[in-house]
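Below is one structure, written out as structure tokens; the observations come after it.
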Amino acid sequence: MTRKKVFGGNWKMNHGLADTEAFLQDFINTKLSSECEVVLFPPFTNLHLMQKYLKASGISYGAQNFYCEEKGAFTGEVSLGMLKELGCTWVLTGHSERREIFKESDELVAKKTRMALDAGLTPMVCIGESLEEKNAGKTKEKLNNQVRSALEGMSESDVLKLTFAYEPIWAIGTGVNASQSDAQEGCKLVRTTLANLYGNEIAQEISICYGGSVKPGNIEGYMSQGDIDGGLVGGASLKSDDFSTLVNNGVK
Ligand code: PGA
């Protein structure tokens with residue numbers, strides 16, 4: 001299988017400058033497997049430190065968000081051009097916290113994903129169902145709709161540049177992680193939708209991560225599942241030793 005393994009560290013609104021420098025000074029000196037891509041997603045205010053410390057390290061970084069305009073009167077927002085100047089090569093789109101708290105619609109997620117691709121960045125497109133949707137048996141429908149809408153108008157070569165993250169909302173930051181089979185089921189649903197739209201050969205090329213209370217102790221189990229190619233990690237990416245252990249356990 002040629003699929004790339006990807007481990008993303010989504011710091012959310014955590015770590016100021018001092019904590020970020022302490023993390024990076026440690027992280028760049030840890031031995032990380034070269035068999036995967038590691039991507040840090042810190043707050044905007046720390047991206048310049050990523051640029052300073054991670055240059056030539058082989059560790060990638062990106063932003064958790066951006067605004068879908070090039071420039072102008074958009075108080076408080078940050079553009080893709082600004083992120084590129086800071087050396088970002090990845091962005092998250094569709095994270096459930098942006099969908100739920102900041103009311104980002106499927107249409108906006110699709111637009112942002114398109115813009116990120118056009119700007120030459122790699123989007124990690126996040127999707128996932130809520131507990132109510134899971135209990136109502138609507139997981140399949142929700143994932144299918146989210147994936148299809150994010151891919152609206154995308155060519156085969158576009159879709160091959162994407163990475164997905166299946167993150168059931170009920171498992172994010174709760175410590176209630178999905179079972180290996182639930183996580184596999186969700187990632188497989190994403191792959192099946194990709195296969196239905198673009199054919200199986202293309203679907204088999206695309207990396208799909210699982211996210212939701214991923215820890216150094218449970219990543220190996222998730223990675224043993226056929227359709228899980230990595231992890232999108234919140235809490236366990238905040239400490240350098242936790243995250244490096246998690247990455248190395250994930251590629252064992
Ligand atoms: P968590 O967050 O690992 O803290 O559950 C994952 C995410 O939201 O990306």
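Quick note: residue numbers are just sequence positions, from 1. First listed ligand is number 1; within each ligand, the first listed atom is number 1.
In this structure, Ser213 has a heavy atom closer than 4.0 Å to ligand 1. Residue Lys12 places a heavy atom less than 4.0 Å from ligand 1.
When non-hydrogen atoms are compared, ligand 1 lies under 4.0 Å from the side chain of Asn10 (C-beta onward) but not from its backbone.
The shortest heavy-atom contact between Asp242 and Ala236 is CB-O, 3.5 Å. Of all non-hydrogen atoms in Tyr61 and Leu86, the two that sit nearest each other are OH-O, 2.6 Å.
Under the 4.5 Å side-chain criterion, counting only non-hydrogen atoms from C-beta, Asn65 is not in contact with Phe102.
Gly234 N, 2.8 Å is the protein heavy atom nearest to atom 3 (O) of ligand 1. Nearest protein neighbour of atom 9 (O) of ligand 1, counting heavy atoms only, is Glu167 OE2, 2.7 Å. Nearest protein neighbour of atom 4 (O) of ligand 1, counting heavy atoms only, is Gly235 N, 2.9 Å.
Few gaps surround NZ on Lys12; more than 12 heavy atoms of other groups in view lie less than 6.0 Å from it.
On a distance-only criterion, Gly173 and ligand 1 share at least one N/O pair closer than 3.5 Å. On a distance-only criterion, Thr174 and ligand 1 share no N/O pair closer than 3.5 Å.
Short contacts between ligand 1 and Gly212, defined as distances under 4.0 Å to a heavy atom of the residue, involve ligand atoms 5 (O). Near Leu232, meaning under 4.0 Å from one of its heavy atoms, ligand 1 places the atoms 6 (C), 9 (O). Below 4.0 Å from some heavy atom of Ala171 lie the following atoms of ligand 1, by number and element: 5 (O).
Using a 30° and 60° split on the angle between ring planes, Phe27 and Phe23 fall in the tilted class, from 30° to 60°. In this pair, Tyr210 and Tyr222 present their aromatic rings tilted. The plane angle is within the 30 to 60° band.
Remark: Arg114 does not engage Glu152 in a salt bridge, criterion side-chain N to carboxylate O under 4.0 Å. Ionic pairing of Lys239 and Asp26 is not present here: no N-O contact between side-chain nitrogen and carboxylate oxygen is shorter than 4.0 angstrom.
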